[in-house]
Number of protein chains: 2
Amino acid sequence: MSAIRVLIAEDQAMILGALAALLAGEPDLAVCARAANGRAALLALTAERPDVLVTDIEMPEMTGLTLAAEARARFPATQVIILTTFARPGYLRRALEAGARGYLLKDRPAAELAEAVRRVHRGERVIDPELAAEAWASDPDPLTERERQILWRAGEGRSSAEIAAEVHLSEGTVRNYLSEAISKLGAANRIEAARIARQKGWL
Amino acid sequence: MSAIRVLIAEDQAMILGALAALLAGEPDLAVCARAANGRAALLALTAERPDVLVTDIEMPEMTGLTLAAEARARFPATQVIILTTFARPGYLRRALEAGARGYLLKDRPAAELAEAVRRVHRGERVIDPELAAEAWASDPDPLTERERQILWRAGEGRSSAEIAAEVHLSEGTVRNYLSEAISKLGAANRIEAARIARQKGWL
DNA sequence: ACTCGCCCGTGACACTTGTCATGCCGGCGC
DNA sequence: GCGCCGGCATGACAAGTGTCACGGGCGAGT
């Protein structure tokens, strides 16, 4: 009986190393690769085809949520666990929609990580129960994928023209999406809209 | 020759466990206790008198910085290492004033933690070199009080007119201050300026 | 086949924002 | 006294932003 092969994606190098050390202590688990961002994780997925992917959400290059969706689509044999600081219902909802099988908080005891890896590998779901209840009660993400993508860039300080170039759209269209997002969120401008969306976990 | 005894303080349980696992892999180090907040760390210090204390900054009950100062005053034999996410020069300065011997970022490779523990135990200082340079070289806060006051509000999403009303200035003047702040920070617009200022700890 | 939602685009308009030239005033050094 | 600089203010202009009306295409459901 061979060990469960795990890929860890986490942008803070020391935490990445520490998590790897944590799982290395379990005889039935093996950390087959590590990645410091979403893009590197995709490469590692292709090369290693691990049984389980454990990923943070907030990473450079590609967030853990889009990584989860990519992984789901291209490597369905790999189960995804989101491991994050943030107990935002919006994150959980999007994680589940992206096909994640587990959602774990960094607040939880260390032992739960190894246990979660085993359980998703058996095909079970592992969701923080407190968070699951809260997620059901909260209002759903009103933003479309495009709106989120564009609002995120606007929140970083990019201009409409810059965003248009980045996502290959016309500037007018970008302004339309922003206008739509602003009105959906009841904000007065793109800055406030980005702030609200971030706080609700929709970015 | 006995192992170096280490106390770890960190509020995120999983990270705490992972860091402990990381140090447990080093034969010359021993994690003698763990604490989930500053108050618990003080109790553990009293009970265990460890050689080295590794602590996060942002914790409930008592921050790592005040914990460092307390430890320095009451247990001078224990050397303190601050381990944090934030590369803010202001934090580093306060950490050193509190008597910390090490300041390490969670961004750094995992191997550096064990090495840092050994070095502070030998009486050396361990300061992230990048951060040390930045802390001394960085022009301390180019913003005037007015600029800060106004840029902060702009970062919250308020318009120039709203800000003008709040601080009893003309709208044109508000725009002038913002323009000045934007150029001082090398930003392209108020959003980016606010982001940069926040990141540098100037807001 | 039809509607509905999301996607993408255009053009026009009013408003906001960023920049610049210009000025007043009070403190500071010489 | 004099120049000089930093804080504060104004007005004017160009560029960027938010809104609206309107158009097209595509896929999912009824």
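First the proteins, then the strands, lettered A, B, ... as listed; each starts at 1. Keep in mind that the numbers below use all heavy atoms, side chains included, and drop hydrogens, waters and symmetry copies.
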Bend of the helix from C:dA1-D:dT30 to C:dC30-D:dG1 from end-axis comparison, five pairs per end, nearest 10°, comes to 30°
Rounded to whole Å, CD of B:Glu180 lies from P of D:dC5 at a distance of 15 Å
Would B:Arg118 and B:Glu26 pass as an ion pair if we require N to O under 4.0 Å? yes
Are any of the side-chain nitrogens in B:Glu115 or B:Arg119 under 4.0 Å away from the carboxylate oxygens of its partner? no
Is the backbone N or O of A:Ile182 less than 3.5 Å from a side-chain atom of A:Arg190, with the two atoms forming a donor-acceptor pair by type? no
Side-chain heavy atoms of B:Glu112 within contact of B:Val126, under 4.5 Å: no
Would you call A:Glu97 and A:Arg94 a salt bridge, using N to O less than 4.0 angstrom? no
Atom pairs, protein N/O to nucleotides 25-28 of chain D N/O, distance under 3.5 Å:
none

Could you tell me whether A:Glu180 and A:Arg146 have a side-chain N and a carboxylate O separated by less than 4.0 Å? no
So do the side chains of B:Asn176 and B:Leu178 get within less than 4.5 Å of each other, counting heavy atoms only? no
With a 4.0 Å cut-off, would you call A:Arg148 and A:Glu145 a salt bridge? yes
D:dG16 P sits how many Å from A:Glu162 CD, rounded? 10 Å
Expressed as a whole number of angstroms, how long is the span from B:Leu178:CG to C:dC20:P? 15 Å
Protein proximity profile, nucleotides 5-17 of chain C - base contact B, sugar-phosphate-only contact S, no contact -, cut-off 4.0 Å on heavy atoms: -SSBBB-B----B
Does A:Gly157 offer a backbone N or O that forms a donor-acceptor pair with the side chain of B:Asn189 under 3.5 Å? yes
Is it true that A:Lys184 and A:Glu147 have a side-chain N and a carboxylate O under 4.0 angstrom from each other? yes
